[in-house]
Protein chains: 2
Amino acid sequence: MKISTKGRYALRLMLDLAINNTGEYIPIKRIAERQEISEKYLEQIITQISRAGFVRSVRGSQGGYQLANPPEAYTVGMILRLMEGELSPVACLDEPGSCDRADRCVTVDIWRQIKDAVENVVDNITLADLVKSYHEKGNCEYFI
Amino acid sequence: MKISTKGRYALRLMLDLAINNTGEYIPIKRIAERQEISEKYLEQIITQISRAGFVRSVRGSQGGYQLANPPEAYTVGMILRLMEGELSPVACLDEPGSCDRADRCVTVDIWRQIKDAVENVVDNITLADLVKSYHEKGNCEYFI
DNA sequence: AGCTAATCATATCGAAATGATATGATTTAA
DNA sequence: TTAAATCATATCATTTCGATATGATTAGCT
């Protein structure tokens, strides 16, 4: 029942962009430094994020990334799903017909409830909420 | 965010024992047949369950397993935790001091909420509840 | 024009976890 | 004594995870 580093790193990456959402383009290198995550690994992650249209990029010198929309527009769920796929504890919830026991299965109700509970959390927290609690914790842009 | 087959199989195994909770000892072979799960794989799983004291076993011919306590005594959470460990989406929730960013981390609150939400589901469903919905679905002991 | 800093695109890799299977010892009712 | 069962380990193939490596492409700056 673990969330992969890709999902967690993607969230921190997006949060970093949200906190430093000044209009300038931020290179991956800066984010890697602040977040203490491998630059190359972050590159892979932001490529996926970029293809989904969550960020804008500018290539070449002085280039980098910025959020395509305001922090309010991104829920934690959107970001996690992008990296992890559906937030289901079992595959059969997302692949109808994948299990021929489905009609008489009583455990599927549990998995459904777990999925709903998880989604209820992550779909109701936005990057803006996280930026807010980031500052409430006494953090500043230069100390993340 | 997946639950492993060990966790899911363990739940089905315990549910099978709960449904067939007649006082007789049930051999793994029967459960493997009914659940269409590898007998040898189930053996590994029930060994863990047995060591935790969740079931009683009798060796030798005519032997098998039965629940050590009534179905009401087992929550889904107890069974899943036995096979999966803590139901946390991240390790840092269970290993204090494992992350030196913990004090200024804003994402840990999300993981905490997810863990709580999941636990709220699995700790409030017992095997007895599952047996009940099993029969409500029109199933019988010979068709699981 | 050329240098440098950046994104973009794949390929590769080691380690760990997953989901089993294999082998065989031990126990016990019939 | 035999057959059926639990108990105990070892092994194995595949996938996933988390990352590194290599190099091409783009574009601002001097």
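Only heavy atoms go into these numbers, but all of them, side chains included; no hydrogens, no water, no symmetry mates. Residue numbers begin at 1 in each chain, while the letters A, B, ... track the order of the sequences.
Rounded to a whole Å, the OH atom of Tyr9(A) is 13 Å from the P atom of dC17(D). Rounding to whole angstrom units, CD1 of residue Ile3(A) and P of dG18(D) are separated by 12 Å. Following rounding to the nearest Å, Tyr25(A) (OH) and dT26(D) (P) show an atom-to-atom distance of 18 Å. The distance between atom CD of Glu24(B) and atom P of dA5(D), rounded to the nearest whole Å, is 13 Å. Atom P of nucleotide dA4(D) and atom NZ of Lys29(B) are separated by 7 Å, given to the nearest angstrom. With rounding to whole Å, Glu43(A) atom CD is found 15 Å from dA24(D) atom P. Here dT16(D) presents its P atom at 16 Å from CD of Gln44(A), a figure rounded to the nearest Å. A straight line from NZ of Lys6(A) to P of dT20(D) spans 13 Å, rounded to a whole angstrom.
By the 4.0 Å N-to-carboxylate-O rule, Glu36(A) lies too far from Arg12(A) to be salt-bridged with it. Of the charged side-chain nitrogens involved, at least one lies within less than 4.0 Å of a carboxylate oxygen, so that Arg112(B) and Asp116(B) count as a salt-bridged pair. The existence of a salt bridge linking Glu84(A) and Lys2(A) is excluded, since no basic side-chain nitrogen approaches an acidic carboxylate oxygen closer than 4.0 Å. Taking a cutoff of 4.0 Å between a charged side-chain nitrogen and a carboxylate oxygen, Glu136(A) and Lys132(A) qualify as a salt bridge.
A nucleotide of DNA chain C counts as in contact with chain A when one of its atoms lies under 4.0 Å from a heavy atom; the first and last such, 5' to 3', are dA5(C) to dA11(C).
Side chains of Gln35(B) and Asp16(B): a donor on one and an acceptor on the other come within 3.5 Å.
Residue contacts shown for Arg8(A) are absent, as no nucleic acid heavy atom lies under 4.0 Å away. When heavy atoms are screened at a 4.0 angstrom cut-off, Thr47(A) is found touching no nucleic acid atom at all. Within 4.0 Å of Ile46(A), counting heavy atoms only, lies no atom of the nucleic acid at all.
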#### Entry: Derivation and outcome, side chain to side chain donor-acceptor pair (under 3.5 Å), residues Tyr41(A) and Thr5(A)
CA-CA 10 Å; Tyr41(A) 197 30; Thr5(A) 54; 3.1 Å; yes

### Query
When Watson-Crick pairs (N1 to N3 and N6-O4 or O6-N4) and G-U wobble pairs (N1-O2 and O6-N3) count only below 3.5 Å on both distances, what is the dot-bracket string of DNA chain C, with | for other-strand pairs?
||||||||||||||||||||||||||||||

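Linking Ile, Leu, Val, Met, Phe, Trp and Tyr residues whenever their side-chain heavy atoms come within less than 4.5 Å leaves Tyr25(A) and Leu15(A) in two separate clusters. Hydrophobic clustering of Ile, Leu, Val, Met, Phe, Trp and Tyr side chains at less than 4.5 Å, counting indirect connections, unites Met1(A) with Ile125(B).
Not one N or O on the side chain of Tyr134(A) forms a donor-acceptor pair closer than 3.5 Å with the backbone of Cys105(B).
The side chain to side chain contact (heavy atoms under 4.5 Å, CB included) with Ile28(B) is formed by just one residue from the set Ile37(B), Ile45(B), Ile46(B), Thr47(B); it is Ile46(B).
Between Leu87(A) atom CG and Arg81(A) atom CZ the span is 5.0 Å, to the nearest 0.5 Å.
Taking every heavy atom of residues 52-66 of chain A and every atom of DNA chain C, pairs under 4.0 Å involve Ser57(A), Val58(A), Arg59(A), Gly60(A), Ser61(A), Gly63(A), Gly64(A), Tyr65(A), by number.
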